[in-house]
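Accompanying notes for the structure given below.
The figures here come from the full heavy-atom set of this structure, side chains too, leaving out hydrogens, waters and symmetry mates. Values in this document were obtained by computation on a predicted structure and should not be read as measured data.
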Amino acid sequence: MTAPGTRAQAAAEESDDLDVEEALALVREAPRETGDDSEGHASATAPQPSGGQPAERHRATTWPRAREIAARAARPPAANGTATAPAGARRTPVSVPLGDALGLVLAAPLDALTDLPSFDTSAMDGWAVAGPGPWQVRAEGVLAGHAQPEPLTDGEAVRIATGARIPADTTAVLRAEHGRTDAQGRLHATRDMLHGQDIRPRGQECRSGDQLLPAGTLVTPAVLGLAAAAGYDTVTAVPRPRAEVLVLGDELLTGGLPHDGLIRDALGPMLPPWLRALGAEVVAVRRLGDDARALRKAVTSSGADLIVTTGGTAAGPVDHVHPVLERIGAELLVDGVKVRPGHPMLLARTKENQHLVGLPGNPLAAVSGLLTLAEPLLRTLAARPAPEPYTLPLREAVHGHPYDTRLVPVVLRGDHAVPLHYNGPAMLRGIAVADALAVVPPGGARQDEGAELLDLPWATAGIGVCFT
């Protein structure tokens, strides 16, 4: 339930149908809060400084700064302690079979293990010919996968398939559609032919030992094909970050209809595949309820690179995440973000090589936390490059929060982003059909104004799509 003091903020955040001026007027009339209605717990009212300006609420970090902190958090210190080492440098590379390497990042250069092609091959179906025509055609042809055929002599031709080895002393390959045979069975060219035509010479693409791809290359389907062609069965890659999900909340049901104050858990089914789509290996999903002792034990015993908790990040009577992190001596790197929905998200370093992202309990607020904190952290752990930022104009105006960034689900239509109206912190109806989240700065965005977009992993048809 939303606290009374947050009524105006909740109204402004929950409904795109609310008039912008009305929403802002409600916000101006409401007392400023330390918490965020997206978590659904009451929060204390922050003091108002003199002069009528709003106080800096809590220790919240701006949205761009929070993403920057998350991206850098997993980088190990450099040897001199003044900078950070390259992304993924802390993590021991692994040898991965080609079939399991999609979406990983190469931890070592991919050097050719053989010439490509490894022998002279025919680039087309047709005839291998020697000297000027017409040519006498051999009875048996040359197929791909067979041993080296007998050399040709001048005036001789042999049927050849694409990819087959070229006989020694071949002048060129005559394409099937460019040759004809006469009544005596001799082959004639129907158009001019150049020396070496349609022959792929050995080493045309690379020589053994050539660097094909540098370390840091994202393994795409094409990279897998190139590695296989170059003789690889495995590649050396940065391992997938391991993630563990801890679902908190006594009010959550795992089946059936909501009843008697209990609600269905939306985050348990949603977070594991989303984390996999972000490149993580989900090692466990555990339901702990509102049990501080169980939470502490789960956090301190976890061997995952990233622990993700759901709910419990505000200051309510059963919000145990902050107290547990304090008791175990965790370092809070981000404690609240100036973003709607999702203000009470957090990022902590629990061990030298382990981090915890605390997500708000409301579903869309949790999505906001995933893309704000978990995505940059996982990207660094996996040594994946940051996506190039891009903007699109908004099809219609989007009202903003007076002081915080808003993340609004949108669909992409032509050269515009169309805001979706089911964008309250507890709503998934909008994000379920969205292509991206639009980053709306404080104060809002006008119609046709460009907005930065955060693509959803499956909406880009990229290699990050992995639900198994």
Side-chain angles (χ1 to χ4, degrees), residues 67 70-71 73-74 87-88 91 93-107 217-221 223-224 235 237-248 254 265-288 298 302-311 342 345 347 353-360 363-387 407 409 428 431-437 454-468:
R67 282 176 58 81
R91 312 187 67 232
V94 292
S95 179
V96 184
L98 296 186
D100 299 326
L102 184 67
L104 299 182
V105 169
L106 295 180
T217 299
L218 186 66
V219 178
T220 65
V223 169
L224 294 175
V235 292
V238 179
R240 298 184 197 279
R242 295 162 299 152
E244 183 170 357
V245 179
L246 305 180
V247 181
L248 312 182
T254 58
D265 170 31
L267 298 184
M270 180 174 72
L271 291 182
W274 202 312
L275 288 166
R276 292 187 192 105
L278 293 176
E281 175 191 356
V282 179
V283 296
V285 179
R286 304 174 62 185
R287 299 179 182 278
L288 304 181
S302 175
D305 302 298
L306 172 63
I307 302 168
V308 178
T309 62
T310 69
M345 67 181 74
L347 170 64
N353 297 327
Q354 184 185 77
H355 293 81
L356 182 145
V357 168
L359 302 178
L364 189 58
V367 169
S368 174
L370 271 180
L371 296 183
T372 301
L373 298 177
E375 186 276 330
L377 182 76
L378 289 170
R379 181 182 356 112
T380 299
L381 286 171
R384 294 177 68 165
L407 300 181
L428 287 175
I431 195 70
V433 296
D435 298 315
L437 289 176
L454 302 177
D455 283 326
L456 301 180
W458 46 87
T460 57
I463 63 168
V465 179
C466 177
F467 298 107
T468 58

Interatomic distance, Leu102 atom CG to Leu218 atom CG [nearest 0.5 angstrom]: 8.0 Å

Minimum side-chain heavy-atom gap Val219-Leu224 below 4.5 Å: yes

side-chain hydrogen bond (donor to acceptor under 3.5 Å, both in side chains) against Thr217, all qualifying residues, sequence neighbours excluded: none

Residues forming a side-chain contact (heavy atoms from CB on, under 4.5 Å) with Val94, sequence neighbours excluded: Val96, Pro239

Side-chain heavy atoms of Glu375 within contact of Arg67, under 4.5 Å: yes

Gap separating the CG atom of Asp100 from the CZ atom of Arg240, nearest 0.5 angstrom: 7.5 Å

Derivation and outcome, side-chain contact (heavy atoms from CB on, under 4.5 Å), residues Leu98 and Val235: CA-CA 7 Å; Leu98 296 186; Val235 292; 3.7 Å; yes

Nearest non-hydrogen partners of Arg379 and Pro387, listed with the distance: NE-CD, 3.8 Å

Pairwise side-chain contact, Leu370 with Val357, heavy-atom cut-off 4.5 Å (strictly under): no

Backbone N/O of Leu246 and side chain of Thr309: donor-acceptor pair under 3.5 Å: no

Heavy-atom pair with the smallest gap, counting every atom of Leu104 and Val238: CD2-O, 3.7 Å

Gap separating the CG atom of Asp455 from the CG atom of Asp435, nearest 0.5 angstrom: 8.0 Å

Closest non-hydrogen atom pair between Leu407 and Pro409, with its separation: O-CD, 4.0 Å

Test log, rule side-chain contact (heavy atoms from CB on, under 4.5 Å), inputs Val247 and Leu267: CA-CA 8 Å; Val247 181; Leu267 298 184; 5.6 Å; no

Qualifying residue, where the test is side-chain hydrogen bond (donor to acceptor under 3.5 Å, both in side chains) with Asp305 and the options are His355, Arg91, Gln354: Arg91

Non-hydrogen side-chain atoms of Trp274 and Val282 separated by less than 4.5 Å: no

Least distance between heavy atoms, Pro97 atom then Ser95 atom: CD-O, 4.1 Å

For the student: nearest non-hydrogen atoms of Thr372 and Ala70, plus distance: O-CB, 4.2 Å

Heavy-atom side-chain contact between Pro363 and Ile431 under 4.5 Å: no

Polar side-chain atom of Ser368 near backbone of Leu364 as donor-acceptor pair, under 3.5 Å: no

Glu244: salt bridge (Lys or Arg N to Asp or Glu O under 4.0 Å) partners, not counting sequence neighbours: Arg286

Which atom of Leu428 lies closest to which atom of Ala266, heavy atoms considered: CD1-CB, 3.9 Å

Spatial distance of atom CZ (Arg276) from atom CG (Leu378) [nearest 0.5 Å]: 13.0 Å

Option passing side chain to side chain contact (heavy atoms under 4.5 Å, CB included) with Leu271 (candidates Val367, Val285, Leu359): Leu359

